[in-house]
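Predicted model only: the values in this text are computed from it and were never measured.
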Amino acid sequence: MKIDAIMASEQDNVATSLREIQENENITMSLGDQTRPVRILGKIPHGHKFAVKEILKGENIIKHGEVIGRATQDIREGTHAH
């Protein structure tokens with residue numbers, strides 16, 4: 001199975017793309033041995049993050065189980081998070 005993005009921790013609310021992902025593309029994301037389908041709503045550059053669930057303005061952005069920032073606007077699932 002081809003993996004298009006990875007999540008490092010179950011606490012994460014973002015995943016990292018392993019390639020450039022196009023708008024409206026269905027991809028496969030992995031977390032350890034598990035995989036999950038995700039619909040990408042906007043273009044995601046290689047190596048960039050996207051939301052794996054809705055993140056509301058003011059909520060923490062979590063990657064590798066750690067807070068890496070705070071959302072300055074609502075971020076829909078499947079959209080670029082930067």
Side-chain angles (χ1 to χ4, degrees):
M1 174 178 289
K2 180 180 158 196
I3 303 299
D4 303 296
I6 57 171
M7 244 175 74
S9 169
E10 288 185 20
Q11 293 83 24
D12 293 357
N13 56 11
V14 295
T16 303
S17 65
L18 298 176
R19 63 174 180 82
E20 184 174 285
I21 303 171
Q22 300 304 312
E23 181 177 4
N24 296 317
E25 188 174 346
N26 292 310
I27 67 159
T28 302
M29 177 186 72
S30 74
L31 171 59
D33 293 338
Q34 300 177 12
T35 60
R36 174 182 148 195
V38 178
R39 175 93 172 159
I40 299 299
L41 302 179
K43 185 176 178 180
I44 310 294
H46 178 222
H48 284 235
K49 298 176 298 302
F50 61 89
V52 296
K53 67 176 200 164
E54 185 157 344
I55 304 170
L56 300 177
K57 180 178 179 178
E59 287 186 342
N60 290 332
I61 297 176
I62 302 170
K63 182 177 176 184
H64 296 284
E66 301 289 332
V67 175
I68 62 166
R70 189 173 310 270
T72 59
Q73 63 187 28
D74 292 347
I75 306 169
R76 293 178 56 202
E77 179 178 347
T79 61
H80 198 207
H82 56 90

Checklist entry - Could you state the interatomic distance from CG (D74) to CD (E59), rounded to the nearest 0.5 Å? => result 8.5 Å

Checklist entry - When clusters are formed by joining ILVMFWY residues with side-chain heavy atoms under 4.5 Å apart, either directly or through shared neighbours, do V14 and V38 land in the same one? => result no

Checklist outcome for this item: Contacts satisfying ring pair (Phe, Tyr, Trp, His ring centres under 6.0 Å) that involve residues 37-58 (not counting sequence neighbours) are H48-H80

Item to check | salt bridge (charged side-chain N to carboxylate O under 4.0 Å, His left out): pairs with one or both residues in residues 4-14, sequence neighbours excluded | outcome: K2-D4, D4-R19

Checklist outcome for this item: In terms of heavy-atom contacts, L31 and S9 come closest through CD1-N, 3.6 Å

Next on the checklist: Quick check: closest heavy atoms across A51 and R76, and the distance to 0.1 Å?
Outcome noted: CB-O, 3.5 Å

Item to check | Transitive ILVMFWY cluster of L56, excluding itself - 4.5 Å side-chain cut-off | outcome: none

Checklist entry - Can you name the closest pair of heavy atoms from I55 and A71 and give their distance? => result CG2-CB, 3.9 Å

Item to check | Flag side-chain contact, heavy atom, 4.5 Å: E25 against I44 | outcome: no

Item to check | From CG (L18) to CE (M29), nearest 0.5 Å | outcome: 11.0 Å

Checklist entry - Which pairs with one or both residues in residues 29-38 pass side chain to side chain donor-acceptor pair (under 3.5 Å), sequence neighbours excluded? => result R36-E77

Checklist entry - If you take all heavy atoms of I21 and S17, which pair is closest and at what distance? => result CD1-CB, 3.7 Å

Checklist entry - What is the minimum heavy-atom distance between R70 and I61, and which atoms define it? => result C-CD1, 4.2 Å

Checklist entry - What pairs of residues pass the ring pair (Phe, Tyr, Trp, His ring centres under 6.0 Å) test when at least one of them lies in residues 7-34, not counting sequence neighbours? => result none

Checklist entry - Between atom CG of L41 and atom CG of N24, what is the distance when rounded to the nearest 0.5 Å? => result 7.0 Å

Item to check | Heavy-atom pair of closest approach, residues G47 and T16 | outcome: O-CG2, 3.6 Å

Checklist entry - Mind checking whether I40 and I3 sit in one hydrophobic cluster, side chains of I, L, V, M, F, W, Y counted as touching below 4.5 Å? => result no

Next on the checklist: Please check this pair: side chain of T79 against backbone of G42, looking for a donor-acceptor N/O pair closer than 3.5 Å.
Outcome noted: no

Checklist outcome for this item: Residue pairs meeting salt bridge (charged side-chain N to carboxylate O under 4.0 Å, His left out), one or both in residues 37-53, sequence neighbours left out, come to E20-K43

